[in-house]
Q: 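First the structure, then my questions, so here it is.
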2 protein chains.
Amino acid sequence: MDTNELLKLENQLCFAFYSCSREITKLYRPLLAELGLTYTQYITMLALWEQDNVSVKELGSKLLLDSGTLTPLLKKLESMGLLTRARDKSDERHLVVRLTEQGQALKDKASCVPLRLFEGTTVMPEEIFALRNQVQTLMSKINDAT
Amino acid sequence: MDTNELLKLENQLCFAFYSCSREITKLYRPLLAELGLTYTQYITMLALWEQDNVSVKELGSKLLLDSGTLTPLLKKLESMGLLTRARDKSDERHLVVRLTEQGQALKDKASCVPLRLFEGTTVMPEEIFALRNQVQTLMSKINDAT
DNA sequence: ATTGATTAAATTGTATGCAATTTATATAGC
DNA sequence: GCTATATAAATTGCATACAATTTAATCAAT
């Protein structure tokens with residue numbers, strides 16, 4: 001393949017991912033607005049609904065985000081009354097995040113989001129699962145190398 | 001599938017895309033640093049190497065970005081001497097972006113980037129092409145609906 | 001106990017994304 | 001020609017991302 005083909009925007013896997021990721025985020029936006037959440041706030045809540053009482057560090061390793069992103073985001077969710085932030089008594093370096101009752105209750109309202117996401121499109125569930133698995137495989141190959 | 005499964009982070013296609021997109025961007029970072037570009041600046045240059053003399057509007061429709069993102073980005077690339085920004089004489093509403101010689105010359109330095117990207121990983125070219133096609137198919141299905 | 005290294009968050013600074021508004025220009029219809 | 005509408009960029013404000021640095025707490029090793 002020559003240089004021109006190699007450098008074409010439409011031939012870049014990265015651009016496909018990058019743009020598709022943002023398009024999917026746009027599908028989420030109206031659904032998440034009903035919950036009062038942004039997309040990053042939503043995936044943070046997903047992580048907390050799966051496992052509560054985690055440190056910023058643990059949360060960051062699940063979401064692949066660092067404290068530079070998480071600190072302001074968690075402060076925002078705290079100000080919204082969805083969680084609390086407190087230093088771990090046994091190791092004051094760790095800040096422990098805990099869902100409030102309100103934060104836990106939001107899970108019920110969020111439960112319909114995944115099924116509603118691709119409503120109105122011709123995207124099929126099997127397609128989603130298959131693609132997700134392939135993307136995760138790619139991710140592990142990338143992470144193995146670094 | 002019950003609510004807990006549906007809301008698991010690892011079951012979200014969006015999160016797979018979102019995190020994979022950022023991981024690939026991290027692979028790019030050291031390569032693009034040699035060119036003095038960020039990732040978004042790089043895909044903007046890709047679009048311009050394909051077609052020069054375009055308006056912000058046209059560029060935005062290719063990159064799926066609006067003037068809120070592009071205006072400061074193009075000003076930055078202009079200050080780096082890679083392009084010029086000038087109003088279209090025949091319609092002053094349009095701002096035309098043109099590559100400078102320096103901007104065109106950068107294409108040669110960039111030509112090795114795509115091939116070097118997955119060096120050191122076990123990711124195979126066929127895998128990349130196949131996945132890119134599937135992601136693009138998903139994108140069209142999403143865009144058809146909206 | 002003291003000091004040096006390590007670790008976890010927070011902070012700082014830069015660069016995106018994007019909704020909403022504003023500004024400037026062009027077009028349509030009368 | 002004049003006004004209402006439409007269009008393209010720019011601007012504003014908020015929310016990420018992330019590298020690099022700083023701060024605070026813990027651990028290691030003598």
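Order of the sequence lines fixes the chain letters, A, B, ..., with proteins taken first and strands second; residue numbering starts at 1 for each chain.
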Q: Could you list the residues that satisfy side-chain contact (heavy atoms from CB on, under 4.5 Å) with Asn133(B), not counting sequence neighbours?
A: Gln136(B)

Q: For dT16(C), does either OP1 or OP2 sit under 4.0 Å from a side-chain N or O belonging to Tyr18(A)?
A: no

Q: Closer than 4.0 Å, any side-chain N/O of Thr25(B) to the OP1 or OP2 of dA17(D)?
A: no

Q: Does Lys26(B) have any salt bridge (charged side-chain N to carboxylate O under 4.0 Å, His left out) partners at least two apart in sequence or in another chain, and if so, which?
A: Glu23(B)

Q: Between Ser67(A) (side chain only) and Leu70(A) (backbone N and O only), is there a donor and an acceptor less than 3.5 Å apart?
A: no

Q: With a 4.0 Å cutoff (strictly under), does any side-chain N or O of Arg22(A) reach OP1 or OP2 of dT16(C)?
A: no

Q: Which residues satisfy the salt bridge (charged side-chain N to carboxylate O under 4.0 Å, His left out) test with Glu127(A), sequence neighbours excluded?
A: Lys141(B)

Q: Please write out which residues are connected to Val96(B) in a hydrophobic cluster, directly or through intermediates, given that two of Ile, Leu, Val, Met, Phe, Trp, Tyr count as joined at side-chain heavy-atom separations below 4.5 angstrom.
A: none

Q: Does the side chain of His94(A) get closer than 4.0 angstrom to OP1 or OP2 of dA9(C) through an N or O atom?
A: yes

Q: List in chain and number order the residues that pass salt bridge (charged side-chain N to carboxylate O under 4.0 Å, His left out) with Arg93(A), two or more places apart in sequence or in another chain; answer none if no residue qualifies.
A: Asp91(A)

Q: What nucleotide among dT16(D), dA9(C), dC18(D) has an atom nearest to a side-chain atom of Thr71(A)?
A: dA9(C)

Q: Identify the pairs formed between an N or O of the protein and an N or O of nucleotides 20-27 of chain D at a distance under 3.5 Å, and give each distance.
A:
| from | atom 1 | to | atom 2 | distance (Å) |
| --- | --- | --- | --- | --- |
| dT26(D) | OP1 | Glu92(A) | N | 3.2 |

Q: According to the side chain to side chain donor-acceptor pair (under 3.5 Å) rule, which pairs have a member within residues 75-86 of chain B, sequence neighbours left out?
A: Glu78(B)-Arg85(B)

Q: Under 3.5 Å, side-chain donor or acceptor atoms of residues 105-122 of chain B against the rest of the protein: list the pairs with distances, not counting sequence neighbours.
A:
| from | atom 1 | to | atom 2 | distance (Å) |
| --- | --- | --- | --- | --- |
| Lys107(B) | NZ | Asn4(A) | OD1 | 2.4 |
| Lys109(B) | NZ | Glu34(B) | O | 3.4 |
| Ser111(B) | OG | Asp108(B) | O | 2.7 |
| Arg116(B) | NH1 | Glu34(B) | OE1 | 3.4 |
| Arg116(B) | NH2 | Glu34(B) | OE2 | 3.4 |
| Thr121(B) | OG1 | Phe118(B) | O | 2.7 |
| Thr121(B) | OG1 | Val123(B) | N | 3.2 |

Q: Between residues 46-58 of chain A and DNA chain D, which residues have a heavy-atom gap below 4.0 Å?
A: none

Q: Rounded to the nearest Å, what distance is computed from the CG atom of residue Leu73(A) to the P atom of nucleotide dA17(D)?
A: 8 Å

Q: Let me have DNA chain C in dot-bracket notation, would you? Count Watson-Crick plus G-U wobble pairs, both distances under 3.5 Å, and use [ ] for pairs crossing earlier ones and | for inter-strand partners.
A: ||||||||||||||||||||||||||||||

Q: Can you list everything that forms a salt bridge (charged side-chain N to carboxylate O under 4.0 Å, His left out) with Glu58(A)? Sequence neighbours excluded, please.
A: none

Q: Which label fits Tyr39(B) and Tyr28(B): parallel for a plane angle under 30°, tilted from 30 to 60°, or perpendicular past 60°?
A: tilted

Q: Under 4.0 Å from any atom of DNA chain C, heavy atoms only: list the residues of residues 76-85 of chain A that qualify, in numerical order.
A: Arg85(A)

Q: So does Lys75(A) get a side-chain nitrogen or oxygen closer than 4.0 Å to the phosphate oxygens (OP1/OP2) of dT16(D)?
A: no

Q: If only side-chain N and O atoms of Tyr39(A) are considered, is one of them under 4.0 Å from the OP1 or OP2 phosphate oxygen of dG17(C)?
A: no

Q: Taking OP1 and OP2 of dT16(C), is either one under 4.0 Å from a side-chain nitrogen or oxygen of Thr69(B)?
A: no

